[in-house]
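Input: a single structure, listed below in structure tokens.
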Amino acid sequence: MLGLGADRLRADMSRLLALLFHQGVLDEQFLQLQQLQDESSPNFVSEVVNIYFHESEKLLRNLRGLLMDRELSDYKKMGIHLNQFMGSSSSIGAKRVRNICVAFRAASEQNNRAGCLRALELLEHEYCYLKNKLHELFQLEQQRAMAAGVRYPMQN
């Protein structure tokens with residue numbers, strides 16, 4: 001009986017991942033990240049992604065802060081933050097977030113405040129979607145591991 005629950009959860013995880021790939025939310029880099037996870041580091045992917053989330057939230061706050069100053073929008077600093085965001089998004093396979101960063105950077109290079117504000121709104125929305133879906137995936141993985149009789153430390 002325990003195995004059946006684990007199999008169902010594994011199928012749920014596969015469906016969720018397939019959806020995220022189909023939607024273009026994730027790319028093959030996420031699969032490469034998953035291949036680095038093994039018994040010696042069973043939470044590797046969630047740990048890397050949680051670091052990404054922590055750093056991304058700081059970058060989003062910094063970008064919003066730069067754009068809220070109507071008098072002085074520092075587009076050069078914005079570009080630096082966006083390059084960091086693009087790099088970290090690429091490293092975990094967050095394809096749509098990375099693509100929005102590319103468009104955001106193009107608007108910042110043109111000193112286009114309105115374009116930057118639109119891109120920031122889209123980036124925040126896409127980032128929240130990614131975060132919610134990956135948390136859902138990690139919860140399914142925890143449940144699957146517990147159903148299979150394996151105990152991993154809980155992630156926050």
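Looking at Leu63 and Phe104, their side chains come closer than 4.5 Å, going by heavy atoms from C-beta outward. Residues Leu59 and Leu82 form no side-chain contact, since every pair of their non-hydrogen atoms from C-beta on lies 4.5 Å or further apart. Counting only heavy atoms from C-beta outward, the side chains of Asn43 and Gln142 approach each other to under 4.5 Å. Residues Ser46 and Val49 are not in side-chain contact: their nearest non-hydrogen atoms beyond the backbone lie 4.5 Å or more apart. Between Ser91 and Tyr52, the closest side-chain pair of non-hydrogen atoms is not below 4.5 Å. Proximity of Arg98 to Phe85: side-chain heavy atoms (C-beta onward) are nowhere separated by under 4.5 Å. Considering only heavy atoms from C-beta on, Cys116 comes within 4.5 Å of Met78 through its side chain.
The shortest heavy-atom contact between Ala119 and Ile100 is O-CG2, 3.8 Å. Taking both residues in full, the closest heavy atoms of Arg105 and Asn83 are given as NH1-OD1, 2.7 Å, listed atom of the first, atom of the second, then distance. Shortest non-hydrogen contact noted between Phe30 and Ile92 is CD1-O, 3.3 Å.
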Worksheet entry | Working for side chain to side chain contact (heavy atoms under 4.5 Å, CB included), residues His135 and Asn50 | CA-CA 9 Å; His135 276 303; Asn50 280 327; 3.9 Å; yes

Worksheet entry | side chain to side chain contact (heavy atoms under 4.5 Å, CB included) between Leu26 and Lys95, worked out | CA-CA 5 Å; Leu26 295 175; Lys95 182 179 177 181; over 6 Å; no

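Side-chain heavy atoms closer than 4.5 Å link hydrophobic residues (I, L, V, M, F, W, Y) into clusters, and following such links, even through other members, never connects Met86 to Ile80. Val97 and Leu31 fall within a single hydrophobic cluster, where Ile, Leu, Val, Met, Phe, Trp and Tyr are joined by side-chain heavy atoms under 4.5 Å apart, directly or via other members.
Sorted by first and then second residue, the pairs that involve residues 112-132 and meet side chain to side chain donor-acceptor pair (under 3.5 Å), not counting sequence neighbours, are Gln23-Tyr129, Glu57-Tyr127, Glu57-Lys131, Arg64-Glu124, Arg96-Glu126.
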Without placing hydrogens or testing angles, list every side-chain donor-acceptor pair under 3.5 Å for residues 13-22, not counting sequence neighbours.
from, atom 1, to, atom 2, distance (Å)
Ser14, OG, Arg10, O, 3.2
Arg15, NH2, Asp12, OD1, 2.3

